[in-house]
Structure formats: structure tokens, C-alpha cells
Amino acid sequence: MKIAWWKIASIVLLLYTIVAGFLVPLRPGIESSSPVTSAAGQRVIIDVNGYNTHWSENATALRAWLKTESDLAIPAQRIESKSDVELALEFQLPSQLPGDAASTSLTLVVDHPTDGPSVLPRALDVSTSDANLQSSSTWKSDIITDLNFKKAFAFPYRNIIKETIRNTYFHVPLWMAMYALLALATWYNFQYLRRGDPMVEEKAYHTTLIALLYGFLGIFTGMIWAHFTWGRFWSWDIKQTMSLMAILMFVAYVFIRYSIPDENARRRFNAVYGIFAFVMVFPLLYVVPRMAPSLHPGSGGNPAFSSDDMDNTMRMVFYPAIIGYFLFGLWLAQLSFRLSKVKHEFLLKK
Amino acid sequence: MDYLREIGMIYVVVATLVIVLLGIVAFIIYLERRLSSIENNMKHE
């Protein structure tokens, strides 16, 4: 027995995805800080919690700043590292906010020689106080310099999602592979309508079946991810709702197959329905969710492939994962088709 | 649930992978049952 190269490739790619997807570490990051509010002119001590950080090593080289959106900043006057993941920073806030604003949101930046720079957006909300405290500190530009940027083989740290960023290799490729499988099924459907070979239509059916399996798995894995990052399994988010609609269209496709007794009528109806359903998948998954606010990345106009969602280290796992899922789905579809073919040939002989 | 959040939520990724594997196993069981029915048909020819 000889196994086709692409079947072996699918297993190799999936194993690579699992091993690399789990074992590559997350970059150091700032998990949280407290307090979260203060007033202009005050002296504030911020307790910072880190993730994967090494703040007790080389603690004297630690530097920290609070910065505004327009890159005006103040440095920390005193830095005390309590452990690898705990830090106390003392800041003297200036008595005026930049541009005489009533309130502003400050971003915390911590730089460490081995960890590199870590950022916590909107770490401290500062409002102007009536007390009009005098402060020796002023906003300065260009003081955040010589950051220790590191080229590490690690996945980016993002607040809220944390380690679940790895789901990018297990949840997202399900949808990509589903789309590719449906495109292949549509090609088979066209071939069937042109040439009328029932076995080609049978191939289209089994390919769609695997795409449907991937779709359901995508919904369920997405629900788990949503529970821990959005707070709920199912929130009728536009992306969730439209994905469910896309899946249900293909559930209908399977139902049609079992409800038309005449073989030729069934195959023709199924092929035409499958083509139209495929045409609807792109708008449902990629157009409509971008026209409404959504919690899902890749909504509200921005594609999920931007640098905020993915970097080159992630791409090294993400793209092989898509190919692996697709080829493995092709394998399952082929097994399913061959079973039907054997049964078909056996019934013809009888 | 809060414990999972504290340790960086790595088990959310494990749960995702387990769901995918269970889905594939479910499909293999479906194939197995279809194959059994074909084998039975051939036996009772």
C-alpha cells in the first residue's frame, strides 16, 4: 500500500502546528497595573504585574515611562522590582495635562535589557485636580529612547487573550480550510453540471461534508474562545451569527440529499444549490461582519491579518496550519467518497 | 474558570484542540459505521 505524498504532508504539517503552536513561548508583557486613576500634580506609586517577565534580573537596568497618545512622556523616578513579575513604579505627575486637557489616558511602557519593551495601553487615567498642586515634573518628548528591541522566536503578548493567541493555529485555519474545501466542491459541482458524471457530484458532496464538519468545529472552538475572552459562549455577535447562517445553509444541503428520492434530480438540485450556497459564504463570513461593530478581529473594516493580530513568527505556524487542515480534510473527504463509490459499484453489480 | 484565567488560559487552547480531535474521531466513527453496513451487504449477497 502506497500513501499519497499529500496525505503524509497533512500529518507532518498538523504535527508541526501542534508542537510549534504549543511550545513557542509568549513574549513578556504587562498583565495589569494599579491604581488605574490619579490626578494631575500627584505623586503616584503604581504596582505592575508582568507575564513571563524577568524583572528581578538586571533590575538596575529597568526603565519605565508613562506616555500620552502624542508621545509626551514622564519617566519613573523610582523603580523597585519585588520579584520577576512584580514591580513598583513611582511617578510624579505634572500639574498640567498636555494641551490643558481635562483628562487623559496614559500608556505604561517598561523596558528591560532581556525582556525588551512591554506596553500596557490605558494604564492610568489622569484628571486635572481642583487643588492645583505644584509639581516639578513636566511632559517631555523624545525621552523614550534606546529601547531594547529583541528578535526573539516568540508569539506576541496581548492583554485579555494571553496564551489563547495560540488558538489562531487551531480555530482560524478551520475556517480557511472550510472555505478552500467548499471552493473545491463548487468546482466539482460545475464539472458535474457540464459533463453529468454522477461520481463527480459524489465527490462534491463528500468534500462539502468535511467542510461542514470544519464549520461546526469552528463554531464550537470559537464559542470556547469567546467564553474566556468576550465573557460569553454565545453573544449573537455579528460574526457568530453570520457564521451560523453559513453553516446552516450547508446543513440544508445535506437535508436536500436525503429528501429527493430520484437520483438524477437529487444530484442536479444538490449541485445547483451547492454553487449558490458557496456564493453566499463569502458575503456572510467576510463582508457583512465588517459592516457592523463586532468583538471578532477582522471586523469594522480592519482585516485580521494586520500587524496588530499577527506577526511573522505567528505566520510561520499559521500558514502551514491552513495547508495541513486543508489536506487532512481532503483525505477525510476522499475516504468518505471511496466508501460511497465501493457501495455504488457493488449495488450496480447486483 | 477564574483559575484558568490566572494561568494565562493555556487550557483554553488545549480545549480547542481536544474539540477538533473529537470532531475528527466522530467522523471516523461515521466512516466505520458506513463501512460495516457495506461489509454486511456483501456478506448477505
Side-chain angles (χ1 to χ4, degrees), chain A residues 14 17-18 21-22 25-26 29 31 51-52 157 160-174 206 209-210 212-229 231 325 328-329 331-333 335-347 349-350, chain B:
Chain A
L14 287 180
T17 303
I18 293 169
F22 271 97
L26 231 56
E31 202 166 357
Y51 190 84
N52 282 359
Y157 175 88
I160 301 172
I161 64 171
K162 294 176 193 167
E163 299 278 0
T164 68
I165 198 164
R166 299 169 197 276
N167 263 2
T168 312
Y169 320 123
F170 305 110
H171 162 77
V172 187
L174 283 172
H206 292 284
L209 210 56
I210 299 299
L212 188 59
L213 172 72
Y214 276 11
F216 271 114
L217 292 178
I219 292 266
F220 288 132
T221 56
M223 278 167 68
I224 296 279
W225 200 0
H227 181 71
F228 288 94
T229 52
Y325 270 85
F328 190 74
W331 189 356
L332 289 179
L335 288 179
S336 185
F337 163 72
R338 278 158 65 188
L339 264 182
S340 279
K341 200 176 153 204
V342 166
K343 191 179 178 186
H344 198 81
E345 282 166 359
F346 170 71
L347 289 176
K349 243 189 272 172
K350 234 175 31 176
Chain B
M1 292 288 186
D2 282 340
Y3 175 70
L4 288 191
R5 290 198 173 89
E6 273 165 27
I7 55 172
M9 304 195 287
I10 186 67
Y11 286 102
V12 176
V13 189
V14 176
T16 299
L17 189 60
V18 167
I19 288 177
V20 173
L21 290 179
L22 284 180
I24 292 167
V25 167
F27 192 80
I28 291 174
I29 291 171
Y30 167 67
L31 287 184
E32 160 99 36
R33 290 175 57 151
R34 272 167 57 200
L35 183 59
S36 299
S37 88
I38 295 171
E39 282 172 343
N40 280 337
N41 273 336
M42 287 179 163
K43 246 183 251 163
H44 302 299
E45 224 171 335

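Below, all heavy atoms of this structure are taken into account, side chains as well, without hydrogens, waters or symmetry copies. Chain letters run A, B, ... following the sequence lines, proteins first and then strands; every chain starts at 1.
- Of the two parts of Leu213(A), only the side chain, counted from C-beta on, holds a non-hydrogen atom closer than 4.5 Å to a non-hydrogen atom of chain B.
- Under the 4.5 Å side-chain criterion, counting only non-hydrogen atoms from C-beta, Glu163(A) is not in contact with Val12(B).
- Using a 4.5 Å cut-off between heavy atoms, Tyr214(A) makes no contact with chain B at all.
- Atom CD1 of Ile210(A) is separated from atom CG of Leu332(A) by 4.5 Å, given to the nearest 0.5 angstrom.
- Ranked by heavy-atom pairs under 4.5 Å with chain B, the first of Phe22(A), Tyr169(A), Phe220(A), Phe216(A) is Phe22(A).
- Checked by atom type, the side-chain pair Arg34(B)/Ser336(A) shows a donor-acceptor distance below 3.5 Å.
- Proximity to chain B is absent for every atom of Leu14(A), based on heavy atoms less than 4.5 angstrom apart.
- Among all heavy-atom pairs drawn from Ala15(B) and Ile224(A), the shortest one is CB-CG2, 4.3 Å.
- Ranked by heavy-atom pairs under 4.5 Å with chain A, the list Val20(B), Val14(B), Leu22(B), Ile24(B) is led by Val20(B).
- Applying the side chain to side chain contact (heavy atoms under 4.5 Å, CB included) test between Thr16(B) and each of Thr221(A), Leu217(A), Leu174(A) identifies Thr221(A) as the sole match.
- Residue Leu26(A): no heavy atom, backbone or side chain, is found under 4.5 Å from chain B.
- Heavy atoms of Phe328(A) lying under 4.5 Å from chain B belong exclusively to its side chain.
- In this structure, the side-chain hydrogen bond (donor to acceptor under 3.5 Å, both in side chains) partners of Thr164(A), at least two apart in sequence or on a different chain, are Trp225(A).
- For chain A, the nearby part of Ile38(B) is the side chain; its heavy atoms alone come within less than 4.5 Å.
- Using a 4.5 Å cut-off between heavy atoms, Leu347(A) does not touch chain B at all.
- What you find for Gly218(A) and His171(A) is that their closest heavy atoms are O-CE1, 3.2 Å.
- Contacts of Tyr325(A) with chain B are made by side-chain atoms alone, with heavy-atom separations under 4.5 Å and no backbone atom involved.
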